[in-house]
Amino acid sequence: MSACATARATDPTRTKNIHQSPSPPPPPNGRFRIAGADLSASIAVFLIALPLSLGIALATGAPLQAGLVAAAVGGLVAGRLGGSPLQVSGPAAGLTVVTADLIHRYGWRTTCAITVLAGVAQLGLGCLRVARTALAVSPAIVHGMLAGIGVTIAVAQLHIVLGGTPESSVLDNLRALPAQVAGPHPAAVSVGVLTLTLLLLWPRVPGRAGRLLRTVPAALVAVAGATAVASLTGLTVPRVELPSWSSHALAGLPEGPVLGIAAAVLTTTLVCSVQSLLGAVAVDKLVSARPGLTTRVGRSDLDRELLGQGTANVVSGALGGLPVAGVAVRSSANVNAGAVSRNSTLLHGVLVVAAALLMVPLLELIPLAALAALVMSVGIQMVSLHHIRTVTRHREVLVYVVTTLGVVLFGVLQGVILGVAVAVAVAMHRLARTRITHEEKEGAHHVHVRGQLTFLAVPRLSRALHLVPHGTRAVVRLDGSFMDHAAYESLQDWQKTHTAQGGTVELTDRRTGVRDSAHDDGSRTAEGITTPNGTSTRTGPETETDADTTSHAGTTAPARPTAPGPDAAPNTPPTACRCRPWTPWRNHHCAHPPSARPTTHPADTGTTTGRGTGAGTGAEAETTDTPTDPTAPGTPTTHTPTTPTTPAAPTTPRSPASEPSSVQQLARGISAFQRDTAPLVRGELARLAREGQRPSQLFLTCADSRLVTSMITSSGPGDLFVVRNVGNLVPPPGRESGDDSVAAAIEYAVEVLKVRSITVCGHSGCGAMQALLSSEPGGARTPLTRWLRHGRPSVARMADEGRPWARLSGRAPADAVEQLCLTNVVQQLEHLRAHESVARALRDGALELHGMYFHVGEAQAYLLAGAGGSEVFDHVEAAERPR
């Protein structure tokens with residue numbers, strides 16, 4: 001068992017001690033079993049899908065049975081054959097405008113034939129394994145397409161809510177809207193307003209009753225409530241009409257111009273495929289938030305998902321159904337309802353079939369205004385403020401607006417084509433537009449480059465650089481992320497010449513300030529700039545000793561070996577590995593080609609700050625890494641990390657056949673250290689070997705693999721004396737427990753090493769705290785349970801109503817586990833004070849105690865502001881980097 005790894009999956013949003021049963025065992029061969037979670041999830045999805053399917057069919061102008069056919073086929077066919085087990089497919093709001101236009105132009109039977117042909121096209125794309133290319137579409141285009149479709153849906157359905165009939169285009173609907181508003185149908189308006197009110201208020205019912213009521217979908221409540229009121233009050237409104245299944249229209253041969261049919265097939269294929277594939281990716285994100293589910297379900301196979309969607313469209317079109325695609329609302333409801341396999345999707349399809357055959361009298365009581373109001377609300381939600389803020393932050397508002405207007409005014413395919421054209425134009429503009437300025441201030445010449453450095457900007461760059469007089473201090477600020485070969489050589493040649501003539505050069509970027517001082521060989525560049533080799537040049541993060549080790553003459557002290565040696569290739573960037581501190585641990589082994597990398601996640605190299613010579617990390621030497629650019633095959637890769645490295649355990653299980661053995665992982669990590677890192681840190685470690693360790697603090701934390709102490713504290717070799725155990729527990733002294741190792745470490749740190757502070761650090765999602773909350777009296781006496789008894793005083797402290805609860809500044813604890821994690825830090829500090837050596841050092845003023853809480857998901861540290869009184873953990877703000 002890994003330390004602090006949860007033995008039982010626990011829902012972080014629950015505040016009570018709840019036991020979650022393990023996943024059921026696989027059924028024996030030849031028997032079909034359905035998990036209870038799948039059954040309940042299928043019912044929840046069915047209750048959402050039924051009214052939405054009817055509403056979308058109404059919005060397209062198709063027979064209402066077509067929505068039920070598509071929902072059933074989406075559940076049974078796409079659910080069984082698709083590559084995303086928990087994604088629910090059916091008639092989607094994103095296809096409403098496309099389908100409505102096809103029905104208006106070619107009629108219903110030809111529209112069904114187009115759906116079949118679109119499914120065949122999806123099958124072909126799936127066989128070609130090109131599913132992931134759909135993800136290359138800019139998110140601004142996808143969000144703009146959905147927003148345009150949402151506007152079109154909302155405007156059209158507003159006419160039905162007002163008691164009228166929508167026109168065939170958005171502009172016609174807008175022109176007819178004033179007259180429709182001036183003469184509404186009171187009964188239809190009343191039903192529509194009631195439906196929208198229930199949709200808005202149902203999720204906001206407060207209290208315990210609200211939590212219980214919210215288990216019933218708001219869409220079902222809104223439609224059922226409006227139907228009941230309309231029936232009981234005798235309102236005269238148009239209602240659902242389901243003709244006999246014997247007269248249901250099936251697909252016919254396509255009739256119309258060949259180019260028009262081909263464009264329709266292309267549009268349907270595009271919208272169905274992109275929406276389904278993006279939905280599968282979104283479902284993967286939802287699944288990853290449930291760790292216990294990830295190992296059972298796995299990630300989506302996008303090519304298989306495309307094949308499943310294609311098959312579903314062939315079947316749906318042939319049976320006279322609407323086009324099928326993955327639906328975000330139903331998929332998220334499926335995951336949130338606790339589904340554990342594709343059985344929930346299949347059962348939802350079975351329920352739709354049963355409803356279509358047995359519930360026709362009930363369905364025909366539904367007012368059309370209620371369905372129109374439901375679909376109108378869906379259309380409004382497709383214009384997402386979150387998406388607008390996102391594209392604004394990434395400066396892609398123009399792409400979003402053009403795509404939205406194009407879809408509204410011309411159609412989905414035309415709008416997407418316009419969006420793609422504008423996105424390409426914006427990208428080319430950003431690549432080609434570069435502003436270069438030169439000014440002199442504070443005794444230095446500043447050259448500021450805004451934008452990407454390509455060969456087009458080389459003349460202006462050269463002109464600005466030659467305005468810098470010889471022998472002066474120059475600061476070149478690069479506000480871009482790409483530099484091509486011509487610009488790279490131009491900048492390097494000038495840098496070498498300027499430093500040879502007695503000047504100094506500092507390369508900076510807008511994110512982190514001064515990053516590099518030019519050396520005599522002019523070989524170092526600014527962090528974060530992509531070089532012509534497709535890799536990012538980078539130096540180690542600055543520390544307080546940078547000013548001491550780098551002289552103003554542009555040379556580097558020997559004690560800080562970060563520049564390449566004289567044997568380095570003259571034009572090879574010294575750091576070709578694209579390592580970043582924020583990159584997840586993956587152990588890509590940057591020095592190896594992509595084909596040789598393991599599929600597990602032990603960390604290879606990375607960068608942290610360090611003390612003294614800035615050698616790198618703390619005792620554990622945890623680091624980060626990203627792979628080199630795979631788009632530049634054959635490019636020689638140099639790897640110059642600034643920190644030691646060690647392998648780290650994988651965070652998710654891997655297929656045994658696809659990962660190297662533990663011995664190979666260990667040997668590979670050690671080999672990478674000896675080759676890349678040892679030469680850089682050998683001098684610093686030799687000094688520590690001669691002088692001995694003199695750590696400034698004892699850091700007592702959990703053994704959880706996600707806690708990288710050297711990274712969190714920006715510490716280097718010799719800084720921390722680290723003690724790690726399950727649950728960051730400090731056994732009280734004087735107990736016969738066989739747990740003297742922690743007490744021995746405390747005594748050694750205080751009495752021998754003379755540390756000045758001791759920090760007890762807890763963290764979010766601690767498995768030890770979860771085990772304490774879920775353990776039952778009289779359970780099995782294992783080594784783990786015997787050790788965890790030292791955490792029981794923390795449980796008792798949290799349950800004591802006479803004590804103030806430990807809390808985070810600005811918010812309440814998220815759940816009981818987080819509350820116990822905070823309380824445990826405070827309690828273990830009390831245990832520390834009971835140790836004689838600690839108590840003596842505290843009385844003498846030679847020692848300080850600190851409490852710390854690290855939220856793993858937020859990468860945010862909190863420090864305890866007070867103990868025994870206001871036990872509040874204050875948020876630690878990010879400090880500005882010194883310049």
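Since the model is a prediction, treat every value here as computed from it, not as a measurement.
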Original post:
With sequence neighbours excluded, what pairs up with Ala140 under the side-chain contact (heavy atoms from CB on, under 4.5 Å) test?
Top reply: Ser138, Val391, Glu396, Val399
Subject >> Contacts of Arg80 that satisfy salt bridge (charged side-chain N to carboxylate O under 4.0 Å, His left out) - sequence neighbours left out >> reply: none
**OP:** Find out whether Ser42 and Phe46 are in side-chain contact, i.e. whether some heavy atom of one side chain is under 4.5 Å from a heavy atom of the other.
**Re:** no
**OP:** With rounding to the nearest 0.5 Å, note down the distance linking CD1 in Ile48 to CG in Leu50.
**Re:** 11.5 Å
**OP:** Report the residues that fulfil side-chain contact (heavy atoms from CB on, under 4.5 Å) with Ile380, sequence neighbours left out, ordered by chain and then residue number.
**Re:** Ala154, Met376
**OP:** Name all pairs fulfilling the ring-ring contact (aromatic ring centres under 6.0 Å, His included) condition that reach into residues 63-88, sequence neighbours left out, sorted by first residue then second.
**Re:** none
Original post:
Any side-chain donor paired with an acceptor under 3.5 Å for Thr115 and Asn313?
Top reply: no
Distance-only check: which donor-acceptor pairs under 3.5 Å involve side-chain atoms of residues 261-271, not counting sequence neighbours?
residue : atom : partner : partner atom : Å
Thr267  : OG1  : Ala263  : O            : 2.8
Thr268  : OG1  : Ala264  : O            : 2.9
Thr269  : OG1  : Val265  : O            : 2.7

Original post:
What residue pairs, at least two apart or across chains, pass ring-ring contact (aromatic ring centres under 6.0 Å, His included) with a residue in residues 316-336?
Top reply: none
**OP:** Report yes or no: does Arg330 contribute a side-chain atom to a donor-acceptor pair with the main-chain N or O of Val88 at less than 3.5 Å?
**Re:** no
Original post:
Would Thr60 and Leu322 satisfy side-chain contact (heavy atoms from CB on, under 4.5 Å), going step by step from the backbone distance to the final call?
Top reply: CA-CA 9 Å; Thr60 60; Leu322 291 171; 3.9 Å; yes
Please set out all donor-acceptor pairs under 3.5 angstrom arising from side-chain atoms of residues 276-283, sequence neighbours excluded.
residue : atom : partner : partner atom : Å
Ser276  : OG   : Cys272  : O            : 2.8
Ser276  : OG   : Gly326  : N            : 3.0

Original post:
For the atom pair CG (Leu351) and CG (Leu346), what is the distance rounded to the nearest 0.5 Å?
Top reply: 11.0 Å
**OP:** For Ile149, enumerate each residue passing the side-chain contact (heavy atoms from CB on, under 4.5 Å) test, keeping only those at least two apart in sequence or located in another chain.
**Re:** Val97, Met145, Ile153, Met382, Val407, Val412
**OP:** Just jot down the side-chain contact (heavy atoms from CB on, under 4.5 Å) partners of Ala78, sequence neighbours excluded, or say none.
**Re:** Ser89, Gln309, Ala312
**OP:** Under the side chain to side chain donor-acceptor pair (under 3.5 Å) rule, collect the residues that match up with Ser53, sequence neighbours excluded.
**Re:** none
**OP:** With sequence neighbours excluded, tell me which residues meet ring-ring contact (aromatic ring centres under 6.0 Å, His included) with His387.
**Re:** His143
Original post:
Is it true that the side chains of Ser300 and Ser84 contain a donor and an acceptor less than 3.5 Å apart?
Top reply: yes
Subject >> Those residues that, when tested against Ser273, pass side chain to side chain donor-acceptor pair (under 3.5 Å) (two or more places apart) >> reply: Gln122
